[in-house]
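To find a chain, count down the sequence lines: A is the first, B the second, and so on, and within it residues start at 1.
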Amino acid sequence: MHNEPFEPRIVAFFCNWCTYTASDLTGISRLAYAPNVRVIRVMCSGRIDPQFVLKALRQGADGVLIGGCHPGDCHYQEGNYKCLRRIKLLKRMLAEMGLEDERVRLEWIAGSEGDKVQKVVNEMTEQIRRLGPLRLAPIPVPHELVEEELAMAGAEEA
Amino acid sequence: MSKPKVGFNWLASCGGCEEAIIDLNEKILDVVAAVDIVFWPCAMDFKKDDVRAMADGEMDVCFVNGAIRTSEEEEMAHLMRQKSKILIAFGSCSHMGGIPGMGNFFSKDSILKNSYQESPSTINLDGTFPQMETITPLGEVELPEFLEYVRTLNQVVDVDYYLPGCPPPVRLITEALGAILENKLPPKGTVLAPDKALCDECPRKETKPDKMEIAEFKRPYQIIVDSEKCLLGQGLMCLGPVTRAGCEGVCTKANMPCTGCQGPTSRVQDYGAKALSGFASILTSMEEKDVEAVLDSIVDPNGTFYRYSLPSSMMFKSLGA
C-alpha cells in the first residue's frame, strides 16, 4: 500500500435524463475519461439527498460529483433547482467543517454534452489527486475499557 | 418482590435533565414509591464507591444524561453499563452529543487555548493551564483528562434505549417509567418517543401553508411573530418538520421556533443533512446569485442544523479538529 500511487475514488450521482445520457454518449463517442469515477444513476438530481453525499464520503469516497440537467431543462420542472440549493448549502457547511471545495462538485451536463462529462471527470480526478485521500475521523464505536485503565482507576480510588 | 433499583447519572451536561426529573412534580412520589433510587449524585449522597460495590447488573435501570468529554465521564459510563440491566441514554447530549457536541467543530487545543488564554474576558498572566496532575503544598491533586472530542453515550458503551429531548419531556419520562415498571419495553435500540414529525402535534398545524415556499429566512428578532400561525410559514427557521415529536410543541407554543433537540425520526441517518435538505428545497430562489443571497439568511447553518447532533452525524467532527 505504502508505495502505490494514490488513485482518487469519486462517487458520481448522474440524473437519468441529462447527465447519465451524456455519459452514455461519452462512451459511444469513444471519449476516454478517468476510470476513478463510480456512476450511480438517479432519476433526477433533485433525488440526491445530502445524506447520500455524506455517506459516500464516510464510506471511502475522496470526492462526490453530481450531474444534473441545465437550469430550465429539468425533466421534472425544478428538481435541479432544489439540487442547486441543497448542494450549495451543504458545501457551505462542509467548507466550515474543513472539507476542501473541490471534493464536492455540481455540474449541469445536458444529454448532448458527452465531451463535458469527459472534461469534468478528468479535471476533478486530477484536482483530488492533488488534494490526496480524504481522511475522515473514524466514528467511535463502543469498546471495553482496557484492564490497565480500569486497574489504574481502581488504584487511584484506593 | 423487591422494588426495581434505578440509578441516574450525569456526564457532560448542564443539569437540565436532572431538572426534568424534578419536573415530574408530585408524580415523583409515585416513582419513589415504585422504585428504589440507588444512585443519583446530583440529588442524593451516593459515591462512586457505592456503585463499585454493587454486583454487575444490580441496577435494573440506569438513566444517563450528558455526553462524554473527559476520561472520568468515560469511566462512569462504563461503570453504569456494567452495573445496570437496562441503560437509557437520557436527553440530547447522551443521545446525539447535544450542545457539548458542538465542541467537535473545534480541536481540543483550540478549545483550551480559547478558554484559558484568548477569550476577551480572560486574564491569565501566569499562563495557567489545566494539568492532569498538580503538586500543591497539600499534596498531589488530579484532574480527569480532557479527551480529543465529544462522544455520544452509544459511542462509548452499548445503549438499550434513548429518551430524546433537551431535556426529555415529562410525558415521555413518565411513559418510559411506566413501560419499564409494566415490563412493556419495545425492542432494544428504540427511541422512546413518537416516530413522527413535531408538526403533527404542533398546535399551529392547521395554519401550515398548503405549499410551503420561503423567499428568505427571518430570525425571531426581525419580525413580530404571529402567535397563532405556523412559524415556518412566517419565514422563521422552525425545525419542526425534521424533528421527532413528543414534546407537544412546548417551544412553538411559546413563539419559539423548534431547534431540533429531539433529533430525527427513525428513517433519518444524519439529522443535519436531512434538515438542510428540507430547508433548501422550500426556498423559492432559482438563479445562482439569488440562491447565494438567500442562503446568507441562514446564519450559522452548521450551528443551526447540527446544534444537538454533530457527534452522531456522519462527519462526527470537523476535519482537523
Atom group of [X] that falls short of 4.5 Å from chain A, counting heavy atoms:
| X | value |
| --- | --- |
| D296(B) | both |
| D270(B) | both |
| D300(B) | side chain |
| F279(B) | neither |
| L79(B) | neither |
| T284(B) | backbone |
| I298(B) | side chain |
| S285(B) | both |
| V159(B) | neither |
| V291(B) | side chain |
| E292(B) | both |

[X] atom [atom1]: more than 12 heavy-atom contacts under 6.0 Å:
| X | atom1 | answer |
| --- | --- | --- |
| K289(B) | NZ | no |
| E96(A) | CD | yes |
| F106(B) | CZ | no |
| K108(B) | NZ | yes |
| R267(B) | CZ | yes |
| R47(A) | CZ | no |
| E58(B) | CD | yes |
| E287(B) | CD | no |

Verify, without hydrogens or angle tests, whether R86(A) (side chain) and A280(B) (backbone) share a donor-acceptor contact under 3.5 angstrom. no
Among the options R151(B), K274(B), R81(B), pick out the one with the most heavy-atom pairs lying under 4.5 Å from chain A. K274(B)
Find the distance between CG (D49(A)) and CD (Q269(B)) and round it off to the nearest 0.5 Å. 9.5 Å
CG-CE distance between L136(A) and M314(B), expressed to the nearest 0.5 angstrom: 11.0 Å
Measure L134(A) against the heavy atoms of chain B and call it side chain, backbone, both or neither at under 4.5 Å. side chain
Does any part of the side chain of F316(B), heavy atoms only, come nearer than 4.5 Å to the side chain of R58(A), both counted from C-beta? yes
Test side chain to side chain contact (heavy atoms under 4.5 Å, CB included) applied to M286(B) and R85(A), step by step: CA-CA 8 Å; M286(B) 306 279 239; R85(A) 297 192 294 260; 4.3 Å; yes
Where [X] and [Y] come nearest, the two heavy atoms and their spacing:
| X | Y | answer |
| --- | --- | --- |
| M93(A) | N302(B) | O-ND2, 2.9 Å |
| P50(A) | L276(B) | CG-CD1, 3.9 Å |
| A273(B) | L54(A) | CB-CD1, 3.7 Å |

Among P142(A), C83(A), P71(A), single out the residue with the greatest number of heavy-atom pairs under 4.5 Å to chain B. P142(A)
Largest heavy-atom contact set with chain B, pairs under 4.5 Å, which of R135(A), K82(A), K55(A), Q51(A): Q51(A)
